[in-house]
Each structure stands twice: as structure tokens, then as C-alpha cells.
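Notes to accompany the following structure.
Every chain is numbered from 1, with letters handed out A, B, ... down the list of sequences.
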Amino acid sequence: EAGVVQSPRYKIIEKKQPVAFWCNPISGHNTLYWYRQNLGQGPELLIRYENEEAVDDSQLPKDRFSAERLKGVDSTLKIQPAELGDSAVYLCASTGEGTEAFFGQGTRLTVV
Amino acid sequence: GDSVTQMEGPVTLSEEAFLTINCTYTATGYPSLFWYVQYPGEGLQLLLKATKADDKGSNKGFEATYRKETTSFHLEKGSVQVSDSAVYFCALSTGGGNKLTFGTGTQLKVEL
């Protein structure tokens, strides 16, 4: 069974540019999460989806970050414009009924 | 709010040594507790979990016991191997939605 798939694995952009990350969760998993992991820190939740509805986005910096999960499957996280402090690993995870969270390999973003 | 405190790393051990990584938590409500592992270049993987007091989670020779009286969930292994070298994250989840709150991670290096 395929795990959580994220792309790209690495992204380097200049500050003030836009960037987008894509996540394909495990088939059948209704809940999808985006986490941000700063260097030397644990992941922190940005947003949680139940199907296509964002049910917890309290930690998402809404002035520059946006996310969507059309049709309740794949999800995209966007930053526009990016700032130097956005450099981090962005992790996607999904859970099904009664399962633990399965994580993707993450996208490592470097803003220069 | 919820928080997790882990011992700082890196922890460097010789092969076959005994491992303990300390983890304590603060939570509202009655959390479930987890240890995740991140091998180099890979995503987070669930190592073990415990959902109620005095439960012992175990996997791959690792163990952790949910201690409500000391709000702790220390990770132990009797004999580490070089292949155990990774970053270990303690985490908790409370309420609905399976949102995870992570510690900062502890890097383990096992040498021959």
C-alpha cells in the first residue's frame, strides 16, 4: 500500500516568491494534516482537514499561507509571499478510522 | 496548553548499551502518548503508543510505560544497534481529531 506522498522533496526559492506543496494521503484516509517542522524542533500543526473541510486552522498564518483539499483527497499548501523564516520542513500526514497518523517524507523549503 | 518535554540530544551510545530517553508531558484531559522515529532521509514513523495509564507500548525492542502519576513516557531499549540511530520524538494527542503535540526530538547515535 502506498504511503503518504508529498512533492516536491526539496524547494529553494527567493524571498517574496510564491511556493506550493502537494500531498496525496493514504487512500481512504479522511483526515489530513499539514505540519511545519523547524530545524531542531518537533512538528507543529498548521491545519487539519476532515474530508474537504478545514476544521482546525488556528495555527495557520493566514496572511500568507493558504491550503485547500478539493474533493477531500489531495491537498495543496501555498505560501505567498515566502519569507526567510518560512524555511522549514513541511510535513503532511493522514489518518483513517481508528488508525495512527502516517506521515509523508516532507518537503524541505529553503527561502534565500 | 499541551506540551511535551524531551531530554536534549544528541545521545551517543555504543552498540548493545542500554537506552533511556526521558519524556514528560503537560496536558488538559487524558492524552494518548506516542513515540515516533525519524530515520535519516525518511518521514516520521510511529514506533509505539499507549492510550491509558500503566499501559506499556512496545515495538522492535523499544518500550515505554504511561505513568500518569509522574506524567512521563520514557523510552527504553535494553540493547541498541547501529541501525537504531535516528531522531526520536515523544508526542501526545488529546481530544478529537488526533492532533499531535510533539517534543523537540532527541537524536540518537549508536556507534560500533
Practice task
Under 4.5 Å heavy-atom distance to chain A, tell me which part of B:Gln6 shows up: side chain, backbone, both or neither.
Solution key: neither
Exercise for the section: Supply the atom-to-atom distance B:Lys49 NZ to A:Glu100 CD, rounded to the nearest 0.5 angstrom. Expected result: 5.5 Å
Practice task
Count the heavy atoms belonging to other residues, nucleotides or ligands that lie under 6.0 Å from CG of A:Leu39, then report whether that count exceeds 12.
Solution key: no
Exercise for the section: For atom CD of B:Glu8, decide whether the heavy atoms of other residues, nucleotides or ligands shown that lie under 6.0 angstrom number more than 12. Expected result: no
Problem - Which portion of A:Asn38 sits near chain B, non-hydrogen atoms under 4.5 angstrom - result: neither
Problem - Linked, directly or transitively: B:Tyr39 and B:Leu75 (ILVMFWY side chains, under 4.5 Å) - result: yes
Practice task
Check whether more than 12 heavy atoms from other residues, nucleotides or ligands sit under 6.0 Å from atom NZ of A:Lys62, and answer yes or no.
Solution key: yes
Problem - Residues B:Leu44, A:Tyr35; criterion side chain to side chain contact (heavy atoms under 4.5 Å, CB included); working and verdict - result: CA-CA 12 Å; B:Leu44 286 163; A:Tyr35 286 84; over 6 Å; no
Fill in the blank from the handout: So CZ of A:Phe102 and CG of B:Leu46: to nearest 0.5 Å the spacing works out to 8.0 Å
Practice task
Pick one of side chain, backbone, both or neither for A:Gln6, based on which atoms fall under 4.5 Å of a heavy atom in chain B.
Solution key: neither
Practice task
Calculate, to the nearest 0.5 Å, the distance between atoms CG and CG belonging to A:Leu91 and B:Leu100 respectively.
Solution key: 11.5 Å
Exercise for the section: Determine, using the 4.5 Å side-chain heavy-atom cutoff (strictly less than), whether A:Val19 and A:Trp22 are members of one ILVMFWY cluster. Expected result: no
Problem - Close side-chain approach of B:Tyr36 and A:Pro43, heavy atoms under 4.5 Å - result: no
Practice task
Verify the cluster assignment for A:Tyr90 and A:Val4: are they in a single hydrophobic cluster under the rule of side-chain heavy atoms below 4.5 Å apart?
Solution key: no
Handout entry: When A:Gln105, A:Arg108, A:Glu44 are compared by non-hydrogen pairs under 4.5 Å with chain B, the top option
Key = A:Gln105
Practice task
Mind ranking B:Gly9, B:Gly105, B:Gly41 by heavy-atom pairs under 4.5 Å with chain A and telling me who comes out on top?
Solution key: B:Gly41
Problem - Enclosure of B:Glu69 CD (heavy-atom neighbours >12, cutoff 6.0 Å) - result: yes
Exercise for the section: Measure distances from A:Arg9 to the heavy atoms of chain B and classify the residue's part below 4.5 Å as side chain, backbone, both or neither. Expected result: side chain
Practice task
Determine, using the 4.5 Å side-chain heavy-atom cutoff (strictly less than), whether B:Val80 and B:Leu48 are members of one ILVMFWY cluster.
Solution key: yes
